[in-house]
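First the structure, in the form of structure tokens, and then the observations on it.
As the structure is a computational prediction, the values presented were derived from the model and not from experiment. The sequence lines fix the lettering, A, B, ..., with proteins before strands; numbering per chain opens at 1.
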Amino acid sequence: MPALAIDTSTEICSVALGPGGEPPDEIAIDAGRTHLEVLLPAVEELLGRQGVTAAALELIVAGTGPGTFSGLRVGIATARALAQALEIPITGSSSLAALAAATAASTELTSLAATAESPAILPVIDARRGQVFAQIYRTNGGGIEPGSEIFCLSPDELIAQVSKTAGATVAVGNGVLAYHDLFAASPLRLPLPASGLHRISAAWHLPGEPVRLKYSPADLLAVKPVYVRAPDADKTVLLRKREPWL
Amino acid sequence: MILAIETSCDDTCAAVLDGDRLLSSVVSSQTRFHARYGGVVPEVASRHHLELINPVVAEALSRADARTRDLSRIAVTTSPGLIGALLVGVATAKSIAWASRAALVPVSHLEGHIAANYLPPEPVEPPFICLIASGGHTSIVHVRQRGAFELLGQTLDDAAGEALDKGGRLLGLDYPGGAELDVLAAGGDPAITRFPVGLDRPDSLDFSFSGVKTALYYFLRDLEPEQVQRHRADIAAAYQAAVVTALVRKVLAAARLWNCRQICLAGGVSANSELRRRLQAECGREALKLRVPPPELCTDNAAMIASAARFLPAIPFPEYLSLGARASGGRAA
Ligand SMILES: [Zn+2]
């Protein structure tokens with residue numbers, strides 16, 4: 001069943017079409033803040049080169065972050081509107097889990113973890129304003145499962161928090177790249193900055209097994225961004241209190 | 001059949017238009033979410049748009065008894081507005097267009113407000129001078145034909161609706177205070193004081209409302225609290241009169257300058273009773289025709305975006321896929 005996956009939680013705009021070949025076909029663009037402009041052309045190109053029509057799609061999977069708010073909203077609004085217009089099922093998938101799953105499946109993991117048998121994986125996404133989103137994932141037999149809640153901390157706080165965890169932990173993601181010196185000086189193990197493991201790939205949102213979900217319009221709204229942080233309204237309120245004529 | 005989407009500020013809107021028959025128009029207002037902040041918080045607005053957009057579109061299609069495959073055009077507001085809010089509407093509109101292979105029409109929010117005048121019950125024929133006044137914009141445009149306009153003047157600072165809301169807040173009214181200010185002012189005597197009318201000179205069709213707002217602030221500061229209490233309605237009336245005087249003088253000057261016999265209103269401030277009363281009177285005196293769309297077409301809505309899309313060029317599939325949104329004004333690209 002042709003399934004389309006979208007991830008716009010970071011500066012990378014990634015779309016993947018599965019099952020198709022192995023690995024699934026994918027386009028990833030360094031979009032910066034231009035997700036709205038590059039996302040649908042990437043989808044059109046991806047379907048075009050696989051000869052898949054929009055009407056043939058059977059499932060949409062949206063990366064739900066956490067990540068940059070506007071980027072996430074473009075990806076999720078797009079995924080939801082496609083599902084709504086095509087009347088096909090949609091499901092959400094954690095962008096941190098996608099990073100962790102790619103790392104768990106990589107041959108790089110064993111060399112990075114050295115002696116550790118089941119290393120933990122720490123996907124880290126840049127949250128801007130000096131913070132990162134991160135979550136510990138445990139590996140077992142190639143699978144992953146969350147080993148903590150989602151953290152929203154400064155990189156220093158995060159490193160202190162996860163250093164308490166016993167055993168080898170491999171950290172990946174654009175949050176690691178944004179604060180590379182801090183992470184490199186920590187006990188965490190890191191792939192090289194150029195490694196593909198730091199970039200989110202939408203292919204890891206695709207279901208591993210053929211799934212057939214029933215279409216329900218209510219499911220559209222269940223797919224929503226994982227914001228973690230509350231909207232920054234406090235500043236506006238404070239400003240108004242001080243200067244009521246503003 | 002056209003599906004239109006509008007998410008430029010704090011209302012999530014969708015509408016379906018077939019020829020000149022408005023089949024549905026759904027507006028989900030977020031005002032109650034923003035009231036506790038005393039104004040629209042962009043990140044809060046963007047989050048609500050994402051929560052509301054799919055149900056609002058579904059409701060508009062269902063009330064119109066339409067499905068996405070019936071749509072030949074999708075219209076969407078691409079500028080100006082809050083960028084994070086616009087992104088949600090444009091991403092949604094493009095995706096529905098892509099899925100149904102429909103053409104896409106980018107519409108500027110101003111063009112939309114003007115085109116509210118082309119809808120039933122009384123579709124207006126150009127030429128006319130249009131005053132677009134709301135919480136987000138204040139502009140005077142000259143319309144020679146449908147689908148085109150010339151900007152003659154605009155506010156250099158606050159919008160007229162914003163000035164009325166802020167005046168309401170200074171007088172202790174809840175956000176958005178403009179409508180309540182109107183009610184309060186109705187029982188007041190504006191002769192209590194004279195607030196300045198911004199840019200009140202014959203060579204300019206632009207507006208400025210920051211002076212009147214500051215004047216009100218200092219006027220209230222220098223009064224004893226019990227005097228403020230006793231004269232609240234009078235102060236509200238004087239303040240509203242200054243804002244309305246600016247609007248009325250400029251729009252009449254525009255009609256004279258462009259030798260135009262017809263004036264149209266657009267935007268939420270069209271509902272202001274003092275503005276309507278003064279414009280009625282002035283237009284009667286100068287034998288001008290005044291046209292005001294029904295209130296639900298004056299405030300932000302998607303029917304007006306669909307209406308504008310009938311007279312604007314459509315971008316065929318797949319050229320619009322890379323279309324973006326812009327926060328600043330001007331025409332949609
Ligand atoms: Zn408006």
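- Within the 4.5 Å cutoff, the side chain of Leu40(A) has no heavy atoms near those of the Ser322(B) side chain.
- Between chain A and the residues Asn54(B), Ile96(B), Ile53(B), the most heavy-atom pairs under 4.5 angstrom are made by Asn54(B).
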Open item on the list: Apply side chain to side chain contact (heavy atoms under 4.5 Å, CB included) to residues Leu50(B) and Phe69(A) and explain how you reach the verdict.
Closed with: CA-CA 11 Å; Leu50(B) 186 62; Phe69(A) 299 159; over 6 Å; no
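- Interface residue Leu220(A): only side-chain heavy atoms are found under 4.5 Å from chain B.
- Put simply, the side chain of Val57(B) reaches to within 4.5 Å of the side chain of Gln84(A), judged on heavy atoms.
- Side chain of Lys94(B) to backbone of Leu36(A): a donor-acceptor contact under 3.5 angstrom is found.
- With a 4.5 Å cut-off on non-hydrogen atoms, Ala93(B) does not touch chain A at all.
- Annotation: side chain of Leu87(B) is not in contact with side chain of His35(A) (no heavy-atom distance under 4.5 Å).
- Contacts of Ile60(A) with chain B are absent, with no heavy-atom separation under 4.5 Å from either backbone or side chain.
- Counting heavy-atom pairs closer than 4.5 Å to chain A, the top residue among Ala99(B), Ser46(B), Gly84(B), Gly324(B) is Ser46(B).
- Contacts of Val74(A) with chain B are made by both backbone and side-chain atoms, with heavy-atom separations under 4.5 Å.
- For a residue to count as touching a neighbouring chain, one of its non-hydrogen atoms must lie under 4.5 Å from one of that chain's; by this rule Leu221(A) touches chain B with the side chain only.
- We find the CG-CH2 distance between Leu39(A) and Trp98(B) to be 10.0 Å, quoted to the nearest 0.5 Å.
- Taken to the nearest 0.5 Å, the CD atom of Glu43(B) stands 9.5 Å off from the CZ atom of Arg229(A).
- Thr68(B) touches chain A through its side chain: at least one heavy atom from C-beta onward sits under 4.5 Å away, while N, CA, C and O do not.
- We find the OG-CG distance between Ser100(B) and Leu82(A) to be 10.0 Å, quoted to the nearest 0.5 Å.
- Atom CG of Asp222(B) has more than 12 heavy atoms from other residues, nucleotides or ligands within 6.0 Å.
- For Arg67(B), the part lying under 4.5 angstrom from a heavy atom of chain A is the side chain only.
- Taking every heavy atom of both residues into account, Ala81(A) and Thr92(B) meet most closely at CB-O, 3.6 Å.
- Using a 4.5 Å heavy-atom threshold, the side chains of Arg47(B) and Arg73(A) count as touching.
- Glu44(A) touches chain B through backbone and side chain together, each having a heavy atom under 4.5 Å away.
- For a residue to count as touching a neighbouring chain, one of its non-hydrogen atoms must lie under 4.5 Å from one of that chain's; by this rule Arg33(A) does not touch chain B.
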